[in-house]
Trainee: 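Let me begin by handing over the structure; questions about it come next.
It should be emphasised that the depicted structure is a prediction, and the values quoted were computed from it without experimental measurement. Any value given below was found using the heavy atoms of this structure, including those in side chains, with hydrogens, waters and symmetry copies removed.
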Amino acid sequence: MKRLLSAIWTVLSSRALPPLVCGVFLLIYIGIAFGTDDTLIALMEFTRKSVILKVLLALIPLNSLCLMLKETDRHLKRRRVKNGEENDAPAGLFDESITVPVSPEFDELLGRLEAEGYTCRRTGGVLAAWRGSSIFPARVLFLAAVFCLFAGILVSLTSRSSHRMNVIEGEPIPTAKGEGGLVERIRLEPSSGAILDKKLILEVAPSTAGDGRKVFELYPPSLYRGYFVYPRYLGFASIIRFSAPGMQSASEIQGTLNIYPPGKEDRLEIPGTPYQIVFSMAKPDDGSDPYMTGRFTLLFKVLKGKDVLFRGNVPAGGEFVNEGFRLAIPDFRRMVITDFIQDYGVLLVWTATLLLIGAGCIWLPVRVFCPRREMVFTYEHDTVNACSRAEGRIRIHAGVFHESLDLLEARRSATQ
């Protein structure tokens, strides 16, 4: 039983496990790519339906936890050896370990190491010397970030739910739990950001369910009734009234037009008739953005079957009349096609991002300017066990370590 548990621990705490798991998913991704263009979406769906792949993915956060425990255990053991609480350093705890059959004079060695800038401490038969700061906190933060990242991906794959709905100016905001507060205004404004030159703002009034006033922007996504709000596409909600010769009465169609940015076309069919209308948005002569200014001029062409009968333009709120045909647009409002996503894995992914930033802020200056270097000399049974490790500036540290060994050897030769 102990051998089995030891083998399981060895596998789960192996640094080779995450690359191996990622390699399996990469092979599956390549295989799926031959059959579909939406390879990533297909891989996510395949993983969501496969228990084996979900268990395989769960091995990565589990591996991170095991590595955190392993790193913490190694760090504490080194501290105990340095403090003289343990005489034997387990294999692999230090980079280099040498046994010297000599009865040492630690006083001279202590002075030499202090002259090299090391902080020294002598406890009984143990002399410990170190300088710099350890990257252990950065290492733990990095492993915690890996855990949060892959745990977040796993949570997203197993519990994510998504609803795509139209958020229309002047109407209650739709959610999976019913209608929310009234969408007072949808604004597209210039942005001074380094990446995006425009920002989208949705202003929602308080609802009767107790939701306070909300302002949603493009990024970062906000929470509303337990769902993240992701605006996706801009469009318009409209009421179109159309009549033509031979029609008994005018048709009124309430629909959405995905015609932003200007030049993009959308088609609207008139129910019960052979007519279709293709809409697009005119580009203003002054170069302004109609979604930002609220001044819309629609270009359209009326088709009967595949034949174009005529073309024209009409402002939002206006009408167009031509040889018995009449097209009126009494209502035309901004709309945002929005995804309402319940995905608590996103919180873990954001946490992973913060942890990675924290790990990088610690690791880089420590690794460059003051990397940790340690030596421990333990005297027992007329021999000295000399151990050394370095997280940076390895050659310089190794030179000091071997000079210390030479000093011990020289002292041994002098006493013989």
Side-chain angles (χ1 to χ4, degrees), residues 1-22 57-97 118-119 121 123 126-155 347-378 385-394 397:
M1 189 64 180
K2 289 184 178 180
R3 289 184 179 180
L4 178 61
L5 293 176
S6 178
I8 293 174
W9 171 258
T10 301
V11 172
L12 292 179
S13 61
S14 173
R15 298 180 187 274
L17 185 60
L20 183 61
V21 173
C22 292
L57 183 61
L59 291 177
I60 297 182
L62 186 58
N63 173 262
S64 299
L65 284 177
C66 292
L67 286 176
M68 276 193 282
L69 292 174
K70 191 174 180 179
E71 289 285 339
T72 303
D73 181 63
R74 288 166 59 88
H75 179 74
L76 294 177
K77 284 181 178 178
R78 279 194 293 265
R79 287 179 64 90
R80 287 196 292 268
V81 170
K82 187 177 66 175
N83 294 335
E85 299 172 9
E86 291 186 9
N87 293 329
D88 295 328
L93 200 60
F94 290 87
D95 299 334
E96 190 174 1
S97 182
Y118 287 79
T119 300
R121 180 172 59 205
T123 306
V126 177
L127 174 63
W130 68 92
R131 65 181 300 177
S133 302
S134 176
I135 60 171
F136 171 72
R139 178 65 179 166
V140 171
L141 286 178
F142 173 78
L143 292 173
V146 174
F147 169 80
C148 290
L149 176 62
F150 285 93
I153 293 173
L154 184 62
V155 170
L347 299 175
L348 288 170
V349 174
W350 289 351
T351 302
T353 302
L354 295 176
L355 290 173
L356 282 174
I357 294 174
C361 291
I362 296 174
W363 181 86
L364 186 60
V366 169
R367 181 66 176 79
V368 173
F369 298 108
C370 54
R372 185 71 165 183
R373 287 156 282 174
E374 299 175 338
M375 297 181 219
V376 178
F377 301 89
T378 304
N385 184 27
C387 302
S388 168
R389 67 181 295 269
E391 295 173 350
R393 302 182 184 176
I394 298 174
H397 177 73

Trainee: Taking all heavy atoms of Arg372 and all of Gly132, pick out the closest pair and write down the distance.
Mentor: NH1-O, 3.0 Å
Trainee: Between Thr72 (side chain) and Met68 (backbone), is there a donor-acceptor pair under 3.5 Å?
Mentor: yes
Trainee: Evaluate the side-chain proximity of Cys22 to Ile60: yes if any heavy-atom separation is below 4.5 Å, no if none is.
Mentor: yes
Trainee: If we check side-chain hydrogen bond (donor to acceptor under 3.5 Å, both in side chains) with Tyr118, which of these qualifies: Arg131, Arg373, His397, Glu374?
Mentor: His397
Trainee: In Å, rounded to the nearest 0.5 Å, how long is the span from OG1 of Thr351 to CZ of Phe147?
Mentor: 10.5 Å
Trainee: So which atom in Leu93 and which in Arg74 form the shortest heavy-atom distance, rounded to 0.1 Å?
Mentor: CD1-O, 3.6 Å
Trainee: Taking it one step at a time, do Leu355 and Phe142 satisfy side chain to side chain contact (heavy atoms under 4.5 Å, CB included)?
Mentor: CA-CA 7 Å; Leu355 290 173; Phe142 173 78; over 6 Å; no
Trainee: Mind listing the closest non-hydrogen atom pair of Phe94 and Val376 along with its distance?
Mentor: CZ-CG2, 4.1 Å
Trainee: I need the minimum non-hydrogen distance between Leu154 and Ala58, along with the two atoms involved.
Mentor: CD2-CB, 3.7 Å
Trainee: Might you confirm whether atom CZ of Arg121 has over 12 heavy atoms from other residues, nucleotides or ligands at distances under 6.0 Å?
Mentor: yes
Trainee: Could you walk me through whether Cys361 and Ile357 pass the side chain to side chain contact (heavy atoms under 4.5 Å, CB included) check?
Mentor: CA-CA 6 Å; Cys361 291; Ile357 294 174; 4.1 Å; yes
Trainee: For Asn385 and Ser97, does a side-chain donor sit closer than 3.5 Å to a side-chain acceptor?
Mentor: yes
Trainee: Do Leu69 and Leu65 pass the side chain to side chain contact (heavy atoms under 4.5 Å, CB included) test, and can you show the C-alpha distance, the side-chain angles, and the key distance before you say yes or no?
Mentor: CA-CA 6 Å; Leu69 292 174; Leu65 284 177; 5.7 Å; no
Trainee: Can you see which heavy atom on Ala128 is nearest to which on Lys82, and at what distance?
Mentor: CB-CG, 3.2 Å
Trainee: Before giving the answer on side chain to side chain contact (heavy atoms under 4.5 Å, CB included), spell out for Leu12 and Leu59 the whole-Å C-alpha distance, their side-chain angles and the decisive distance to 0.1 Å.
Mentor: CA-CA 7 Å; Leu12 292 179; Leu59 291 177; 4.0 Å; yes
Trainee: Spell out, as yes or no, whether a donor-acceptor pair under 3.5 Å connects the side chain of Ser13 to the backbone of Trp9.
Mentor: yes
Trainee: Give a yes or no answer on whether the side chain of Asn83 reaches the backbone of Arg79 with a donor-acceptor pair at less than 3.5 Å.
Mentor: yes
Trainee: To the nearest 0.5 Å, tell me how far Leu17 CG sits from Thr10 OG1.
Mentor: 12.0 Å
Trainee: Which heavy atom in Pro371 sits nearest to a heavy atom in Glu391, and how many Å separate them?
Mentor: CB-C, 4.1 Å
Trainee: I need the Leu348 CG to Ile153 CD1 distance, nearest 0.5 Å.
Mentor: 10.5 Å
Trainee: In this structure, which one of Pro18, Pro61, Ser64 forms a side chain to side chain contact (heavy atoms under 4.5 Å, CB included) with Phe150?
Mentor: Pro61
Trainee: Checking salt bridge (charged side-chain N to carboxylate O under 4.0 Å, His left out) against Glu71, which of Arg15, Lys77, Arg78 comes through?
Mentor: Arg15
Trainee: Distance from Leu62 atom CG to Leu57 atom CG, nearest 0.5 Å?
Mentor: 11.5 Å
Trainee: How about Phe377: does its CZ atom have over 12 heavy atoms from other parts shown lying under 6.0 Å from it?
Mentor: yes
